[in-house]
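Throughout, a chain's letter reflects where its sequence line sits, starting with A, and its residues are numbered from 1. Scope of the values below: all heavy atoms of this structure, side chains included, with no hydrogens, waters or symmetry mates.
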Amino acid sequence: MKMIDVHTLDAHIKDGMTIMVGGFLGAGTPEMLVDYIVEKGYKDLTLICNDTAFPDKGVGKLVVAKQIGKAIVSHIGTNPETGRQMMAEEMEVELVPQGSLAEKVRCGGVGLGGILTPTGIGTEVEADKTVVEVNGEKFILEQPLHADLALIYASTADEKGNLVYEGSTKNFNPLMAMAADTVIAEVGEVVPVGTLNPDSILTPHILVDYMVKGA
Amino acid sequence: MKMIDVHTLDAHIKDGMTIMVGGFLGAGTPEMLVDYIVEKGYKDLTLICNDTAFPDKGVGKLVVAKQIGKAIVSHIGTNPETGRQMMAEEMEVELVPQGSLAEKVRCGGVGLGGILTPTGIGTEVEADKTVVEVNGEKFILEQPLHADLALIYASTADEKGNLVYEGSTKNFNPLMAMAADTVIAEVGEVVPVGTLNPDSILTPHILVDYMVKGA
Amino acid sequence: MNAKEIIANRIAKEVEDGSVVNLGIGLPTMVANYIPDDMDVTLHSENGFIGLDKVATGDEINPNITNAGGQPVTVKSSAVFFDSAMSFALIRGGHIDITVLGALEVDQKGNLANYMVPGKMVPGMGGAMDLVTGAKKVIVAMMHTAKGTPKILKECTLPLTGKQVVDLIITELAVFKVVADGLLLQEIHESTTVENVLELTGADVIVSDTLATFA
Amino acid sequence: MNAKEIIANRIAKEVEDGSVVNLGIGLPTMVANYIPDDMDVTLHSENGFIGLDKVATGDEINPNITNAGGQPVTVKSSAVFFDSAMSFALIRGGHIDITVLGALEVDQKGNLANYMVPGKMVPGMGGAMDLVTGAKKVIVAMMHTAKGTPKILKECTLPLTGKQVVDLIITELAVFKVVADGLLLQEIHESTTVENVLELTGADVIVSDTLATFA
């Protein structure tokens, strides 16, 4: 069975890990899993997420608790604590354009060595990156991101681990489900196998290692 | 209204065009649209499709009718006529690994300049392609494919053009819907807006230019 | 109307029937209020859907349907939800007709700076770099000056969000089109004069032969 | 059992509980018949789903649910359907445990040739190149010789499907593991002898110290 108790998570987490966490400004973030990591105080984590959410919501709580050594995100503007720690050099922040971040996570999950994107050409995003010219046009080579652990949220799961994400909670969740060694899904509801519409399942059960029943 | 009669298709097709056609061995191919192109005898088409299906099914009919100047596909083994025309140099065939073909079409639709894939390294697929080394690993740079026209099939559409693909008919259809100047969908059923599950729609209506009611 | 309302109202006139529009957070979001109800416009929300309607209140609130600012919103009946890769596939792939963004600085080459002030404020680019790269038309919506200091310059001093990407600059005082030799002043607000606009603009301005006023 | 049944039966023993398996068209497909019913194995179908069950007959036939050979099939209740990009995301991304493919030739370096005979037969690689690149374990399933002519060679003569990709070669006569110095003969069929196997094999063979027989 993939269903585990949140208190058994320690078997899968340790200090210094690279973790991906789903969610966009906290929407679609597995809050119970995040809360558990805050409670247990894991530290020096490298966080890959769309943003650092708000101080009291989503992965923002990990920032406030000073558990993040490095954040790879597209936006930190809604969490002043991220900016403060970055300026004070208490935390490293790597800003990635959101579309490139999505593709980098996807690359990590789908076995590609990178993608060529026009996004960021002529900006500071080019710095330290390889620029490739194809047919006279310049592209930035964005390389894959892969994590030790992905923490994702899905509204509904079947007992086998197929996941359906409601509305705008999808965001990075289905991408991260492909791109980590271990994938743990916090799920809102669990239904019998065969109940979900097989055309609405964005994450097939073969990608999900464990599930925790969320609120 | 996006719904058009199949007989008005001529406004969107001409000889020498590059067309993408959805389907995998004919499953998920817009047969009515293909039949119309056969009937009207358009020629010198460049066809981008997973395969050339069977002589009497899917895009195989276009091959038999000698309407294809070049086919960019992953597989031709089920249509002997493709092999014959290729050997006789009546038609050019570019074979692309299926996963690379999917990514090439995706690149064309999502604004990427290419992807780096390990698939084909050490094989003839490498010939004439750029090999890029990233962190000591070799990848083939596969470039985007884009078409003048994409002909796709969806089981169900709403009146606005949102598309749901049933079962294994998805294959290349949702990818091609992003990668052509004009996208025409043959649809099995049309339902009122608001009836489809918004989490099951793989092709949003903004990608669909026209729809034809299929069988 | 106050200054921001004037800007939003004027930008709304750039929106055509049938177009797909992405509105940035803040002032750009206000544009939606001025699009006529009988116009078929599809709003794209970068966090993963098309069919954005308005901010949700009371019973309408669904925590699984939020906008790119994290606020609960309502959606049209034709809405479609997708993951972040698909959201930026639409953006980067050229499937968005218009993007409206704020600016810290914009210059006569069409360069835009809106994601950081080094050493002071680093919110991050979020989806902005992809939007200015991929959208067919990029409109900058902003107050003409920062408390009297020009924001429209010969050359941006802040790190760029995009290089040569801006098509139109619309402020409470003026409408500029980015052209080869500088900024073409196409319209001025009825309350101001060309002299006043020029005084508050730090770029090379060409006054259109067909200069018009807007309200 | 005939020769093909012997091969399929032996390969089935490589399949572990909980694994995700892709079976090629033809002989490899037969492996499914020998996987115990009480084992939880998920079959991946490259045309776009997991949860393949068996060939559909009578009322079970749904033209929208077909396998990679184009035949109507049935699916398990936990099946999930997706597009070709996702199908190959799973393949290339390392989410498939075992792939079983046929071969025209295979050699002691683990090279595989199975997609063309220049000038004679060019079916194309379909998904095979991605499968051998991405699957965790690559098993070649084939008759030991082509009417007496060895197909297991020191070095393939035909264009390669994959370079150094094969893990196991299973024929009606033998089970070989690809190792650094050649092919390790691990098992022979109970009806044959080591001498006979060596005679019919064109590669450098190391006979295992723990050589076993299979039925």
Hydrogens and angles aside, do D:D130 and B:T119 bring a side-chain donor and acceptor to less than 3.5 Å of each other?
yes

Toward chain B, the part of [X] with a non-hydrogen atom under 4.5 Å:
{"X": "D:M121", "answer": "backbone"}
{"X": "D:Q164", "answer": "neither"}
{"X": "D:S84", "answer": "both"}
{"X": "D:A68", "answer": "both"}
{"X": "D:S87", "answer": "neither"}
{"X": "D:N111", "answer": "neither"}
{"X": "D:T161", "answer": "backbone"}

Answer yes or no: does atom NZ of B:K129 have more than 12 heavy-atom neighbours from other residues, nucleotides or ligands under 6.0 Å?
yes

For B:Y165, is it the side chain, the backbone, both, or neither that has a heavy atom closer than 4.5 Å to a heavy atom of chain D?
neither

With side chains defined as the heavy atoms from C-beta onward, is the minimum distance between D:K163 and B:I121 less than 4.5 Å?
no

Do you know the tightest heavy-atom contact between B:P97 and D:M129?
CG-SD, 3.7 Å

